[in-house]
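Here is the structure we will look at.
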Amino acid sequence: MAIEQVKAYFKAYGMDHKIQEFDESSATVELAAKALHCEPQRIAKTLSFLVEGQAILIVAAGDAKIDNPKYKAQFEKKAKMLSSDEVETLVGHAVGGVCPFAVKEGVKVYLDVSLKRFTTVFPACGSSNSAIELTIPQLEEYSNYEQWIDVCKGYEKTE
């Protein structure tokens, strides 16, 4: 089970006790925000795409949507999301619990700038009823991200 892998991953950093598990589903931004009693935009959703035959993950704010022209400029191809079967096979987590932690080797993680307006965010932890609250520097550290990118639209920017 993917949540067990994520727990083991965070245990190595002494952070496994920070993982929250809920009786109810947190599989969507709205459900996660309700379970966590926070604003939906602070949910760090992890989106899965295929680039050059390789899975990539983009972690973005809950209120952000992929902007196709920005995505194409960044990755030099049209955005192609993975199917649910592909996500589990290529990333190692099922849809609803996809996160940037304890993913399969070769999966690249990108963080979208839509997250930078928050002090802390809540990514999932490998199951459809889990999350962890992380600061942005912690998200950078534990996600082993490649780089910050700007591929989203529709979110409320703060300067």
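Numbers here are sequence positions counted from 1. For clarity, every value in this text was computed on a predicted model and none was experimentally measured.
Remark: S26 engages no residue in a side chain to side chain donor-acceptor pair (under 3.5 Å) (not counting sequence neighbours). Residues satisfying the salt bridge (Lys or Arg N to Asp or Glu O under 4.0 Å) criterion with E133, sequence neighbours excluded, are R42. The salt bridge (Lys or Arg N to Asp or Glu O under 4.0 Å) search around K77 returns E52, not counting sequence neighbours. With sequence neighbours left out, Q54 forms a side chain to side chain donor-acceptor pair (under 3.5 Å) with no residue at all. Under the side chain to side chain donor-acceptor pair (under 3.5 Å) criterion, S130 pairs with S127, sequence neighbours left out. Every residue was checked against the side chain to side chain donor-acceptor pair (under 3.5 Å) condition with Y145, not counting sequence neighbours, and none meets it. In terms of the side chain to side chain contact (heavy atoms under 4.5 Å, CB included) criterion, residue partners of K108 (sequence neighbours excluded) are, by chain and number, I56, Y110, E146. Listed by chain and number, the residues in a ring pair (Phe, Tyr, Trp, His ring centres under 6.0 Å) with F101 are F10 (sequence neighbours excluded).
Side-chain contact check for V87 versus S48: some heavy-atom pair is nearer than 4.5 Å. Residues S143 and V59 fail the side-chain proximity criterion, which asks for heavy atoms closer than 4.5 Å. Looking at heavy atoms from C-beta onward, N144 lies out of side-chain contact with V109 at the 4.5 angstrom threshold. Between I66 and F49 there is a side-chain heavy-atom pair separated by less than 4.5 Å. Here the side chains of L139 and L111 are in contact, with some heavy-atom distance below 4.5 Å. Proximity of Y142 to V6: side-chain heavy atoms (C-beta onward) are nowhere separated by under 4.5 Å. T46 places none of its side-chain heavy atoms less than 4.5 Å from the side chain of I58.
Hydrophobic clustering places V98 together with V103 (ILVMFWY residues linked when any side-chain heavy atoms are closer than 4.5 Å, directly or through intermediates). In the hydrophobic clustering of ILVMFWY residues, with side-chain heavy atoms under 4.5 Å counting as a link, F75 and M81 come out together. Both F118 and W148 are assigned to one and the same hydrophobic cluster, defined by single-linkage of ILVMFWY side chains at heavy-atom distances under 4.5 Å.
With hydrogens and angles ignored, the 3.5 Å screen pairs no side-chain donor or acceptor of S128 with any backbone N or O of G97. In this structure, E141 contributes its side chain and Q138 its backbone to no donor-acceptor pair below 3.5 Å.
Closest of all the heavy-atom pairs between A60 and C152 is CB-SG, 3.8 Å. Residues I43 and A32 share a closest heavy-atom pair of CD1-CB, 3.7 Å. Among all heavy-atom pairs drawn from G126 and A2, the shortest one is O-CB, 3.3 Å. Taking each heavy atom of S25 and L31 in turn, the nearest pair found is O-CB, 3.4 Å. Minimum heavy-atom separation, L57 to P100: CD1-CA, 4.1 Å. Residue V113 comes nearest to Y155 through the heavy atom pair CG2-OH, 3.6 Å, listed as atom of the first residue, atom of the second, then distance.
Annotation: the span from D112 atom CG to K153 atom NZ amounts to 12.5 Å, rounded to 0.5 Å. To the nearest 0.5 Å, atoms CG (L90) and CG (L50) are separated by 7.0 Å. The structure places OG1 of T120 at 8.5 Å from CG of L134, a figure rounded to the nearest 0.5 Å. Put simply, SG on C99 and OH on Y9 are 9.5 Å apart, with the number rounded to the nearest 0.5 Å.
Pairs of residues two or more places apart, or lying in two chains, that qualify as side chain to side chain donor-acceptor pair (under 3.5 Å) and include a residue from residues 86-105 are S83-E86. Applying the side chain to side chain donor-acceptor pair (under 3.5 Å) test to every pair with at least one member in residues 59-76, sequence neighbours left out, gives these pairs: D63-R117, K70-D150.
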May I have the list of side-chain donor-acceptor pairs in residues 11-24 shorter than 3.5 Å, sequence neighbours left out?
from, atom 1, to, atom 2, distance (Å)
H17, ND1, G14, O, 3.3
E21, OE2, K7, NZ, 2.7

